**Q** 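Provided herewith is a single structure, encoded as structure tokens, for subsequent inquiry.
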Amino acid sequence: MSQLKIFNTLTREKEIFTPLLAGHVGMYVCGPTVSGESHLGHARPYITFDVLYRYLLHLGYKVRYVRNITDAGHFEEEGREAEDKIAKKAVLEQLEPMELVHKYTSLFHWAMQQFNTLQPSIEPTATGHIVEQIGMIEQLITAGYAYVVNGSVYFDVKKYAASHDYGKLSGRVMEDLFEGTRELEGQEEKRDRADFALWKQAAPEHIMRWKSPWGIGYPGWHIECSAMATKYLGARFDIHGGGMDLQFPHHESEIAQSTICNHESPAKYWMHNNMITINGRKMGKSYNNVIKLTELFSGSHPILEKAYSPMTVRFFILQTQYRSTLDFSNEALQAAERGWKRLWEAYAWLQQEVLQGGAEAKDKILDEKVNKLVDELEDFINDDLNTAKVLANLFELVPIINGIKDKHIAADALRAGTIDKMKKRLKVFVEDILGLMGENAKENKYLEGVMELVMELRKDARRQKDFATSDQIRNKLAALGIQLKDEKDGGMSYTLE
RNA sequence: GGUCCUGUGGCCGAGUGGCUAGGCAGAGCUCUGCAAAAGCUUCUACAGCGGUUCGAAUCCGCUCGGGACCUCCA
């Protein structure tokens, strides 16, 4: 039996996962900034870490999964006039910051539910932890690693770097950070260009503002994650995850702050998912190529040829190992859609069917193959969550399952034990770990009943060779997006578009 | 400019130095009242040039191409 190995950004190696506290796992994942709608790019980390969370639970760990909601603004552009992202947009949209934040938080939750992600154990908000953030900043000042200028507080990176390895996580070279080609405008408050804000004084027009020992202001970019992770997971915890783009400066700075306050490096394993690209280009606000999740599900973005269901997207994301970039295209999504449908139909049939396997395998070679394919699933997921390989094996099982269904393969070609194992393991992997689910499952019982009736009528028509009627039924349903399929034994099934 | 990643068949994507990844699409066949679905078969690649090696998609070097981070970002 293999052990779970995960790629640790800190060491750039795959390491065997061993929790700090036996049986428990503390996991922190950087959540969304809810100043706008979630987009396709957001889907990747939350689905990736959902699979990790599910897998850890499956392994029997008691997991505390913390994923924050960033609802306090950060700087739009460091050095310029402090512009709170949320506050700025709120003015434009004539909304209260909290109203805006609430709207996008709800939308985010809705999208995550569509993706069938499990809820984190705790989902703390930045605005709900101002006190903790101020407390941490005070600690940093007391320790001598932060300084106050005009009501703002900055972290002294140079001082930290003298005794710590700032840049370790992101592979940054200190000299490059300090030797700025040129001072950016409005940075005169900082002692060094590498320093970062812990607290910013709020300009009068700033809507989001809190009282602090340094005056009215709002928290800096990185402090919320340090404060909340410390509060809920302790000084040192197991896993910290997020997108690769957060490695620097966000996570690097988080490590620095937490290390000074807690006297140890916060996370044992740092995990970073790669980006989703569109036509080879990273999706991002600055590139103007953002596909929002609502647009993706409804097909309303100009890039999209059609709507793609949440499960199609989830499947699409899982078809790639999380550390590789994933390129989006209509062609790739449509391929995923078909593949996903085929996989699920074979899987669902297997689950609901009672098969009589043999006491001995009639086809020993096939039996061995099935066992191998099933056994390997665990090795693949253990190998830094290689969901791509897990899915490849599942696909290799599909023709075998369909072969049994179509009676090309006799059920007793396989041992009863093999069939049982395949059935159970597939359920664990497909549903529990990969978090995939049938999209027809949510249809209501009335439709189910009506379809039964319609299919009976069509079967009658076919028996009487009344093909005009049978074709009419099939064609009209097809126009509604319901596809009928005649089966070998005279049975009939349907799938919804 | 600095740091780093990457270049696989029509498309997407796994690949631990030696053995078929897988998916989608295409072609042929089987099944079928016709379809659809499914099954079987098939097409089949490792950017280029050198090097290491008995043997490289996999290691090294160079060239060319793509990307990420250094600034908000999943």
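Sequence lines set the chain letters: A, B, ... in the order given, protein chains first and strands last, and positions in each chain run from 1. Since we're looking at a predicted model, the values are computed, not measured. Heavy-atom basis, side chains included; hydrogens, waters and symmetry copies ignored.
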**Q** So A:Phe467, base contact, sugar-phosphate only, or nothing? Heavy-atom distance under 4.0 Å.
**A**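 If one applies the 4.0 Å heavy-atom cut-off, A:Phe467 turns out to touch a base.
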**Q** Whole angstrom is fine here: how far is it from CD in A:Glu345 over to P in B:G39?
**A**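 That distance rounds to 11 Å.
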**Q** Counting any heavy atom closer than 4.0 Å, what does A:Lys389 reach on the DNA or RNA strands: base, sugar-phosphate only, or nothing?
**A**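 Sugar-phosphate: the residue A:Lys389, judged by heavy atoms under 4.0 Å, touches backbone atoms but no base.
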**Q** Just checking A:Val290: base, sugar-phosphate only, or nothing, at a heavy-atom cut-off of under 4.0 Å?
**A**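 Nothing: the residue A:Val290, judged by heavy atoms under 4.0 Å, touches no strand.
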**Q** Heavy atoms only, 4.0 Å cut-off, all strands: where does A:His39 land among base, sugar-phosphate and nothing?
**A**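 Answer is base: heavy atoms of A:His39 come under 4.0 Å of a base.
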**Q** Quote, to the nearest angstrom, the P distance that separates B:G10 from B:G48.
**A**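 So the two P atoms sit 13 Å from each other.
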**Q** Can you tell me the base-pairing partner of B:A56? Count Watson-Crick or G-U wobble geometry only, both distances below 3.5 Å, and say none if there is no partner.
**A**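 B:A56 is paired with nothing.
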**Q** Using a cut-off of 4.0 Å on non-hydrogen atoms, how would the nucleic acid contact of A:Asp327 be classed: base, sugar-phosphate, or nothing?
**A**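 Sugar-phosphate: the residue A:Asp327, judged by heavy atoms under 4.0 Å, touches backbone atoms but no base.
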**Q** What distance separates A:Leu246 CG from A:Ser253 OG, expressed to the nearest 0.5 Å?
**A**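 If we round to the nearest 0.5 Å, A:Leu246:CG and A:Ser253:OG are 11.0 Å apart.
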**Q** Have a look at A:Leu484 and say if it touches a base, only the backbone sugar-phosphate, or nothing, with a 4.0 Å heavy-atom cut-off.
**A**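 Answer is base: heavy atoms of A:Leu484 come under 4.0 Å of a base.
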**Q** Whole angstroms only, please: what is the CG-P distance between A:Asp406 and B:U32?
**A**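 Going from A:Asp406 (CG) to B:U32 (P), I get 12 Å.
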**Q** Do any side-chain nitrogens or oxygens of A:Asn393 fall under 4.0 Å of OP1 or OP2 in B:A14?
**A**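 False: A:Asn393 side-chain N/O out of range (4.0 Å or more) of B:A14 OP1/OP2.
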**Q** Applying a 4.0 Å non-hydrogen cut-off, can you work out what A:Leu40 is touching in the nucleic acid: base, sugar-phosphate, or nothing?
**A**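 Here A:Leu40 touches no strand at all.
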**Q** Over all strands shown, is A:Gly41 touching base, sugar-phosphate only, or nothing at heavy-atom distances under 4.0 angstrom?
**A**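 Base, at least one base heavy atom under 4.0 Å.
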**Q** Both distances under 3.5 Å, Watson-Crick or G-U wobble: report the partner of B:G65, or none.
**A**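 B:U6 is the nucleotide pairing with B:G65.
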**Q** Contact class for A:Arg342 vs. all strands (heavy atom < 4.0 Å): base, sugar-phosphate, or nothing?
**A**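 Sugar-phosphate: the residue A:Arg342, judged by heavy atoms under 4.0 Å, touches backbone atoms but no base.
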**Q** Which one is paired to B:C34, where only Watson-Crick or G-U wobble pairs with both distances under 3.5 angstrom count?
**A**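 Answer to the pairing question: none, since B:C34 forms no Watson-Crick or G-U pair.
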**Q** Report the base-pairing partner of B:G39 (Watson-Crick or G-U wobble, both distances below 3.5 angstrom), or none.
**A**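 With both distances under 3.5 Å, B:G39 matches B:C29.
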**Q** Spell out yes or no: do the side chain of A:Asp486 and the base of B:A35 have one donor N/O and one acceptor N/O closer than 3.5 Å?
**A**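 Side chain to base: pair found, below 3.5 Å.
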**Q** Taking 4.0 Å as the cut-off, does a side-chain nitrogen or oxygen of A:Thr33 come that near to OP1 or OP2 on B:C72?
**A**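 The answer is no; no side-chain N or O of A:Thr33 sits under 4.0 Å from OP1 or OP2.
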**Q** Using a 4.0 Å heavy-atom cut-off, does A:Gln334 contact any base of the nucleic acid, only the sugar-phosphate backbone, or nothing at all?
**A**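 Touches nothing.
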**Q** Counting just side-chain N and O atoms, does A:Arg474 come under 4.0 Å of either OP1 or OP2 of B:A35?
**A**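 Looking at the OP1 and OP2 atoms of B:A35, neither is under 4.0 Å from any side-chain N or O of A:Arg474.
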**Q** Base, sugar-phosphate, or nothing: which does A:Met283 touch, judged by heavy atoms less than 4.0 Å apart?
**A**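 Here A:Met283 touches the bases of the nucleic acid.
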**Q** When all nucleic acid strands are considered with a 4.0 Å heavy-atom cut-off, which category describes A:Gln247: base, sugar-phosphate, or nothing?
**A**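 Here A:Gln247 touches no strand at all.
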**Q** Determine which nucleotide pairs with B:G1, using a 3.5 Å limit on both distances of a Watson-Crick or G-U wobble pair.
**A**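 Per the H-bond distance test, B:C70.
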**Q** Write down the distance separating the C1' atoms in B:A74 and B:A25, rounded off to the nearest Å.
**A**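 One C1' to the other, the span is 31 Å.
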**Q** Please determine which of A:His250, A:Met275, A:His272 meets the side-chain contact (heavy atoms from CB on, under 4.5 Å) test together with A:Asp245.
**A**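 Checked A:His250, A:Met275, A:His272 against A:Asp245; only one passes side-chain contact (heavy atoms from CB on, under 4.5 Å): A:Met275.
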**Q** When you match A:Pro399 and A:Leu391 each to their closest nucleotide on RNA chain B, which lands nearer the 5' end?
**A**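 Closer to the 5' end of RNA chain B: A:Leu391.
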**Q** Using a heavy-atom cut-off of under 4.0 Å over every strand shown, decide if A:Asp383 touches base, sugar-phosphate, or nothing.
**A**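 Touches nothing.
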**Q** A:His222 and ring pair (Phe, Tyr, Trp, His ring centres under 6.0 Å): which partner among A:Trp199, A:Phe155, A:Phe196, A:Phe248?
**A**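 Going through the options one by one, the only one that passes is A:Phe196.
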**Q** Quick one: the side chain of A:Ser470 and the base of B:G33, do they pair up donor-acceptor inside 3.5 Å?
**A**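 Answer yes: a donor N or O sits under 3.5 Å from an acceptor.
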**Q** If the plane angle is over 60° it's perpendicular, under 30° parallel, otherwise tilted; pick one for A:His240 and A:His251.
**A**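 Aromatic pair A:His240/A:His251 classed perpendicular.
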**Q** Roughly how many Å is it from CZ in A:Phe316 to P in B:G22, rounded to a whole number?
**A**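 Rounding to the nearest Å, CZ of A:Phe316 and P of B:G22 are 20 Å apart.
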**Q** Considering just the side-chain nitrogens and oxygens of A:Asn273, establish if one lies under 4.0 Å of OP1 or OP2 belonging to B:A74.
**A**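 No, A:Asn273 has no side-chain N/O under 4.0 Å of OP1/OP2 on B:A74.
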